[in-house]
Structure formats: C-alpha cells, structure tokens
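Data block below; observations after.
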Amino acid sequence: MTINSLNTTIRNQILNQQIHHFITSELPKTGFEPNGKDKQLNFRLVEGLERLIPLYQNIYHTHPKADQTFEKLIQTLVDFAQKRAPELQQRDNSKKPQWFLSNELAGMSLYVDRFCGNLKNLSAKLDYFEDLGINFLHLMPLFESPSGESDGGYAVSNFRKIDPKFGSLEDLIALRKAMQKKEMYLMLDIVLNHTSHRHEWAEKAKAGDPEFQDYFYMYDNRWIPNEYDAAMPEIFPESSPGNFTYVPECDKWVMSVFHNYQWDLNFMNPAVFVAMVENVLFYANLGVDLLRIDAPAFIWKQTGTSSQNLPQAHELLRLIKQCVAIASPGMALLGEAIVAPKEIMKYFGTGDYSAKECDFAYNATQMALQWDMLATGDTRVMLAAQHDLMQKPFGTSWITYTRCHDDIGLGYEDSKIAQVGKDPFLHRQFLKDYYTGSYPGSPAKGALFSSNPKTGDARISGSLASLCGLEKGLENCSQEEIDRSIQKILMMQAHSFFLGGVPMIFYGDEIGYTNDYSYLDDPGKSYDNRWMHRPVIDWVKNNRSKELGTIEQKIYDGTKKLLTIRKSLPVLSDLKNLTWLSPHNIHVAGFLRAFGDKKVYGVFNFGAETAFLTWYAFKGHGKTPEKLKDHWTGSEMQVGMDNEFLIISPYGFHLLEVIND
Ligand code: GLC
C-alpha cells in the first residue's frame with residue numbers, strides 16, 4: 001500500500017499497524033521471539049517505534065521507496081540487536097543511566113599509528129593510560145582510507161575494514177576486551193557525512209550506476225552546483241575551494257564539501273540512511289561506548305542555505321538516536337558540531353527531543369574562548385558567551401578540551417565580542433596575530449589554517465605547548481619562558497577538566513609536545529597544517545616523564561594530579577551544577593561546582609600579572625564558606641573579609657573545596 005499522500009496522523013496510524021503486523025507476523029518468520037529470547041528487544045522496539053516512525057516519516061514520506069526502506073530499517077535494527085555479543089548486552093544492562101556524566105571519566109584522543117604503531121601495541125600501553133588517569137580512549141579513524149587522500153582517516157573507503165596499517169578487526173576487539181577488563185571506555189568515529197571517492201559506492205557511481213549516483217549529490221552540469229555554491233561557505237578554501245568536484249569518469253559534478261576526495265552522502269535517499277545506520281550498528285557491536293558522529297552539521301543540504309545545521313540534520317540525528325536506543329542501548333552519541341554556540345546547543349535536542357538527540361557535544365565554544373582569554377588576559381568575552389552554553393539540558397554532557405586534532409576555530413559570535421566593547425574584526429585579527437606569533441611579544445608559535453581571503457576568516461593550528469609558549473621558550477633557552485609556558489599549559493588543562501563534561505586530552509599534550517613540522521615533507525599532508533600538532537610519539541621522550549625536573553615530568557605529573565583531583569570529587573560530575581562567579585577582576589575566570597552540601601570553586605588567573613581577588617567573589621551562593629581546601633597546592637585557607645584578597649600568581653589557579661565544619 002502507498003501511504004505517501006495521506007495526512008501525517010493517519011499515515012502514522014497506518015504505519016503503526018503495518019509495523020505491528022511486521023513485528024508480530026513477519027519478524028517471527030526470521031526467528032524473532034517477542035515473548036522469548038527477544039523479549040527485551042521487543043520492548044525497546046515497540047517503545048522506540050513510537051518516536052521513530054514520525055521522525056522517519058517527516059523526512060522520507062515523499063520518497064517513492066520510503067515504505068520498503070522502512071521495513072529494511074526495522075529488520076536491520078533487529079538483526080544487529082540479535083547479533084550483539086552477550087557481553088555487550090550485559091554491559092548495556094549494567095551501565096547506569098547517563099553513566100557518562102561521572103567525574104571518574106577522563107579521556108585521551110590519539111592516532112594509533114602515531115602513538116604506538118598499531119592496535120596490538122596499544123593493548124600494551126594500557127598501563128600508561130592507567131597511570132595517567134585516563135580510562136576513556138578516542139581512537140582516531142581506523143577504517144580503510146586511501147593514503148595520500150585520507151584527511152587523517154576521515155575519508156573512509158571501507159567502513160567495515162580496519163586499515164591494515166593499524167591491524168585487524170580482531171585486534172580492535174581484543175583491545176576493547178582488554179580495555180573493558182580495566183574498566184575503560186572506547187570511542188570511535190563514524191564518518192557520516194561523506195565517503196572517500198574510492199569507496200565502493202563512489203566507484204560504482206563513477207562507473208555510471210544510477211542507483212549509486214543517487215547515493216551522492218551528483219549533477220550533469222553546474223546549474224544546481226552553482227545554486228548550492230552561492231550560499232554555502234567553503235570549509236577548506238585554500239586546499240579545496242568550492243563545494244563540488246568534477247568527476248571525469250562519468251562526466252558529472254559531485255558535492256565534496258570538505259576535500260575534493262570526500263564525497264558528500266545524499267541522506268535524502270533513505271537507502272543511504274539505512275546503509276549508514278548499518279555501519280553505526282556495526283561499530284556499536286564492536287563494543288563502542290561513545291560514537292563520535294563526524295561533522296553532523298553537514299548531513300542535510302538545501303540550495304539557498306548554508307547547508308549546515310538544517311532542521312533535517314537534527315531529525316536524522318534523532319532518528320539515529322532512536323535506532324541506537326533499540327539496537328545497542330548502551331552506546332552514547334557525540335555530535336561533532338563545531339558551529340556557533342547557539343547552534344551547538346541544538347545538537348542536544350530541542351523541544352520534545354530535549355536531551356534525546358546527541359548525548360554529547362564538544363564544548364568548542366569554551367575551548368576557543370579559553371584561547372581568547374589566554375591571549376587577551378581578559379575573561380569578559382568568555383563570560384558573555386555563557387548564557388547560551390548554560391542552556392545545555394540535564395542528562396547530556398560536553399567533551400571538554402583545550403586541543404584536539406583539528407584547528408582552533410574562533411567561531412563564537414561577533415556580538416559577544418562587541419558586547420564587551422571590542423571591535424570584532426580587530427579582536428580576531430589580534431588573536432590570529434598572537435597565535436601565529438607575529439604580534440610583538442607573543443610567546444605563541446602556531447599557524448593560520450584555512451585562511452579565506454574572501455571573508456578574512458581563519459582558524460589556528462598549533463600544539464597546546466607551542467601555543468602556550470614552550471617552543472619559543474626552548475628556542476630562546478629561557479627557563480623563565482619555559483616555566484611560564486608550563487604554568488599556562490596546566491592552567492588551560494585545569495580550566496577544561498573542572499568545568500563539567502568529560503575531559504579529552506589530545507595525546508602528546510600530557511608530555512608537552514611542541515609543533516612537528518615534518519608533515520611538510522609528506523605530499524599527502526603538506527597541504528594541511530593541522531598535521532603540525534599531530535605528533536609522532538617518541539617513547540624515549542615520554543619516558544622522561546619519570547625523571548624528576550624534566551619538562552616532560554612537570555607537565556605529565558601536573559596533568560596526572562589534575563585528573564586525580566577530578567576523580568576524587570563527585571561534585572565535578574556533570575550535573576548541570578556550574579555557576580559562574582563575578583570575581584570583579586576581568587583577568588580571573590571563576591566558577592562554582594555545587595551539589596548538595598558539596599562545593600568546589602575553581603579560580604584561574606588568565607592575566608600575566610598577579611591577580612587580587614576579593615573574597616566577596618565566594619559569597620552569595622548559599623552559606624558563606626569559612627574555610628577552603630586548595631586541592632592543587634594542598635593548603636587550607638580562611639575566607640577573608642570583603643576588603644581582603646585571595647592572591648593568584650600569573651597564570652595560577654586554585655581548586656578550592658569548601659570545608660564543612
Ligand atoms: C571533522 C574532523 C576533521 C575532518 C572533517 C571532515 O571535522 O574532525 O578532522 O577534516 O570532519 O571529515
């Protein structure tokens with residue numbers, strides 16, 4: 001029966017009946033036992049379909065193959081749920097709801113090959129993570145990707161085959177099992193928005209197969225591409241300008257928003273949606289705890305718009321959330337939406353779907369604002385942005401970070417900069433000059449990434465250590481500069497670890513790796529300066545973290561200490577329990593994390609001079625504290641009078657727990 005032309009309510013009712021029939025009559029033919037072994041699954045299915053059906057219908061009801069593809073989707077969910085290994089089903093059941101809000105989680109993001117060669121070697125490195133206090137690993141893309149046209153693995157040519165340079169699926173499963181024995185969690189990426197042009201689907205499209213040409217946005221001429229281009233920004237304007245690539249094999253134009261070898265998948269085609277849900281669930285069944293959905297802002301395109309953050313992109317994510325809740329309920333979702341703050345918030349879900357879209361997003365705004373504060377010594381732009389960030393719904397969380405494999409985008413709104421009386425253009429210009437080291441006296445050493453001469457936009461590449469001044473300090477053989485850079489590194493990490501959310505350290509930053517310029521000699525990387533901050537780990541250097549007094553030791557032990565403190569304080573769980581202080585000192589960022597009678601204040605001096613913070617800053621949040629324990633220095637302090645001060649050294653910080661007598 002075709003139900004496309006009916007109104008939504010009637011259509012959903014009919015579909016519900018069809019589904020009921022499908023579950024009770026068709027599925028049992030394939031061995032599904034709603035009252036037996038599949039009882040739990042049946043329960044999730046019936047419950048989940050209530051949400052899933054209208055979401056699916058909203059997006060696909062006009063597509064001629066909507067109904068038959070929907071049945072395929074349900075069958076897919078059932079198949080993957082049934083194939084889920086018993087130990088993963090057990091893990092699903094034993095995970096507390098919102099297990100990921102805990103203060104006991106701390107992550108590291110790493111490239112397996114650059115960290116230790118391959119997956120087998122990584123199994124042997126678990127003690128390293130344990131020692132540092134890391135129990136959550138984000139392994140950068142592992143699936144097959146053509147070398148030289150890989151975008152660090154984000155151009156996937158086979159979603160099911162581990163790139164042989166890392167090892168095999170068996171190695172990954174063995175690693176995951178070893179990690180679980182140590183109560184560690186695994187995060188992998190699903191690159192949802194695009195495939196490599198060498199993926200089987202793309203190869204078939206090139207060969208002229210119309211079914212697979214429909215998997216991409218492919219056009220015979222430039223008419224529609226021109227229409228899209230008119231409103232779409234460019235992501236890599238230097239290395240890959242425009243949003244379409246000519247495909248000589250089939251004489252067509254294909255949408256390629258990122259690099260020209262990354263072809264955008266056409267989610268208007270429900271077959272693409274189901275095929276990608278299969279990949280999502282394949283990863284779920286490998287034992288992924290948190291799935292990082294790469295570039296979700298881009299998954300729906302529409303001419304006349306920027307083709308980012310469109311409502312249909314959110315509907316697709318909600319749909320994926322429902323599919324996961326049915327087939328692999330223990331896996332959480334992270335939306336990697338590095339977009340304006342107001343837009344980021346929507347990835348947690350809005351309206352009826354609040355907290356029912358992505359469980360996590362990157363706190364990219366706060367990350368960028370930390371770098372803003374570090375350069376300017378001024379916290380006001382950061383504070384102006386908090387109103388939006390505080391809207392995050394309870395039950396969802398942030399990935400908090402100072403650096404990752406990508407550039408630092410300065411994507412917060414101009415209005416926040418203007419609000420504190422600064423000129424947005426000049427302010428951004430200053431930040432770019434500061435972090436590329438061209439601003440007089442700047443200790444930073446980074447580079448502009450993806451400068452767009454048409455718009456003046458640019459982002460920043462560079463490692464945490466180099467942007468904090470360690471590279472220049474070493475070049476200048478200046479102990480003072482080196483010490484100051486270490487202080488900045490630890491303050492930046494402390495600020496992001498204590499703010500709320502799961503801290504995600506970028507590998508190498510725990511040791512203070514400076515920029516690596518060897519990427520310039522590799523033609524597959526030289527066009528992309530993000531490789532300067534993706535180090536190849538030298539284990540001799542890392543082992544210096546055990547020698548007292550080395551730079552490596554100071555940064556490693558400082559980072560470890562911060563993670564230990566975080567784990568010791570349950571009040572730091574992400575319970576939507578963050579309040580910003582008004583410290584009456586623009587150089588000092590201060591917040592309170594409170595739950596029940598537990599309170600922890602974090603105060604951070606982003607200024608280059610000693611800061612004086614009136615004790616008044618600690619008042620006005622319930623009972624005035626009398627005594628504070630600084631977990632960073634180990635000292636205890638008495639809260640003084642309003643006209644007395646807590647003195648904070650340049651780039652110093654305190655993690656102050658209220659002591660209840
Ligand atoms: C994400 C990744 C980035 C990649 C892009 C395209 O933003 O983090 O590294 O270049 O997606 O896949």
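When atom types are taken as modelled, the side chain of Q419 and the backbone of A384 share no donor-acceptor pair closer than 3.5 angstrom. Between the K95 side chain and the G330 main chain, a donor and an acceptor come within less than 3.5 Å of each other. Not a single donor-acceptor pair under 3.5 Å links the side chain of S442 to the backbone N or O of S438. In terms of modelled atom types and a separation under 3.5 Å, the side chain of K356 and the main chain of Q322 share no donor-acceptor contact. Looking only at distances, no side-chain donor or acceptor of E657 sits under 3.5 Å from a matching main-chain atom of H631. Side-chain atoms of N577 never come within 3.5 Å of backbone atoms of F595 as a donor-acceptor pair (strictly under, hydrogens ignored). Of the possible donor and acceptor atoms, none in the side chain of Q370 sits under 3.5 Å from a partner among the backbone N and O of M367. A donor-acceptor pair is defined here as one N or O able to donate and one able to accept, closer than 3.5 Å; such a pair exists between the side chain of N605 and the backbone of I648. At least one donor-acceptor pair closer than 3.5 Å links the side chain of S573 to the backbone N or O of P570. A side-chain donor-acceptor contact under 3.5 Å links S307 to the backbone of Q302.
When the side-chain contact (heavy atoms from CB on, under 4.5 Å) test is applied to S649, no partner is found at least two apart in sequence or on another chain. Legend: residues meeting salt bridge (charged side-chain N to carboxylate O under 4.0 Å, His left out) with D189, ordered by chain and number and at least two apart, are R292. Residues satisfying the ring pair (Phe, Tyr, Trp, His ring centres under 6.0 Å) test with F298, not counting sequence neighbours, are F258. With sequence neighbours excluded, the residues satisfying salt bridge (charged side-chain N to carboxylate O under 4.0 Å, His left out) with K392 are D574. Evaluation of the ring pair (Phe, Tyr, Trp, His ring centres under 6.0 Å) rule for Y362 yields Y401 as partners, not counting sequence neighbours.
Taking a cutoff of 4.0 Å between a charged side-chain nitrogen and a carboxylate oxygen, D378 and K422 qualify as a salt bridge. A salt bridge does not link K567 with E104: every distance from a Lys NZ or Arg NE/NH1/NH2 to an Asp or Glu carboxylate oxygen is 4.0 Å or more. Remark: E343 engages K346 in a salt bridge, criterion side-chain N to carboxylate O under 4.0 Å. The pair R428-D457 does not count as a salt bridge, with every side-chain nitrogen at least 4.0 angstrom from each carboxylate oxygen. Looking at K321 and D359, a side-chain N of the basic residue comes within less than 4.0 Å of a carboxylate O on the acidic one, giving a salt bridge.
The shortest distance between side-chain heavy atoms of Y507 and D509 does not fall below 4.5 Å. Annotation: side chain of W371 is in contact with side chain of M492 (closest heavy-atom distance under 4.5 Å). Contact of the W531 side chain with the N515 side chain is not registered, since no non-hydrogen atoms from C-beta on lie closer than 4.5 Å. Looking only at side-chain heavy atoms (C-beta outward), I408 and L467 come within less than 4.5 Å of each other. Taking 4.5 Å as the limit, every side-chain heavy atom of W300 sits out of range of all side-chain heavy atoms of Q308. A 4.5 Å side-chain heavy-atom check between L374 and K488 finds at least one atom pair inside the cut-off. With contacts defined as side-chain heavy-atom distances shorter than 4.5 Å, the pair H138/I399 does not qualify. Residues V280 and V324 form a side-chain contact, since some pair of their non-hydrogen atoms from C-beta on lies under 4.5 Å apart.
Ring-plane geometry between F618 and Y601 is classed as perpendicular, the angle between the planes exceeding 60 degrees on a 0 to 90 degree scale with a lower cut at 30. In this pair, H405 and F506 present their aromatic rings tilted. The plane angle is within the 30 to 60° band. Note on ring orientation: taking the six-membered ring where Trp is involved, the planes of F136 and Y185 are parallel (angle under 30°, cut-offs 30° and 60°).
A donor-acceptor contact closer than 3.5 angstrom links the side chains of R318 and T350. Side-chain contact check for H654 and D630: at least one donor-acceptor pair (N or O, by modelled atom type) lies under 3.5 Å. Residues D294 and N193 have side chains that never bring a donor and an acceptor to within less than 3.5 angstrom of each other. Between the side chains of Y651 and R484, not a single donor N or O lies within less than 3.5 Å of an accepting N or O. With hydrogens and angles left out, the side-chain atoms of N243 and E234 include no donor and acceptor closer than 3.5 Å. In the model, S461 has a side-chain atom that pairs as donor or acceptor with a side-chain atom of N529 under 3.5 Å. A donor and an acceptor atom, one from each side chain of S463 and H533, are nowhere located under 3.5 Å apart.
The six-membered or imidazole ring of H587 lies away from that of F606, with a centre-to-centre distance of 6.0 Å or more. Residues F498 and W632 keep their aromatic ring centres 6.0 Å or farther apart. Checked against the 6.0 Å centroid threshold, H495 and F653 do not count as a close aromatic pair. Aromatic pair F360/F100: centroids less than 6.0 angstrom apart.
A ring pair (Phe, Tyr, Trp, His ring centres under 6.0 Å) with F348 is found for one member of W398, F394, Y353 and no other, namely W398. Test T559, T400, T402 against Q493 for side chain to side chain donor-acceptor pair (under 3.5 Å) and you get one pass: T402.
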Intermediate values then yes/no, side chain to side chain contact (heavy atoms under 4.5 Å, CB included), M345 and T396: CA-CA 10 Å; M345 300 309 297; T396 61; over 6 Å; no
For H427 and D414, what are the C-alpha separation, side-chain angles and deciding distance, and is it a side-chain hydrogen bond (donor to acceptor under 3.5 Å, both in side chains)? CA-CA 9 Å; H427 184 68; D414 281 356; over 6 Å; no
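With W99 as the aromatic partner, K96 does not meet the cation-pi criteria of under 6.0 angstrom to the ring centre and within 45 degrees of the ring axis.
Nearest heavy-atom pair across C468 and S485 is O-CB, 3.2 Å.
Listed by first and then second residue, the salt bridge (charged side-chain N to carboxylate O under 4.0 Å, His left out) pairs involving residues 577-597 amount to none (not counting sequence neighbours).
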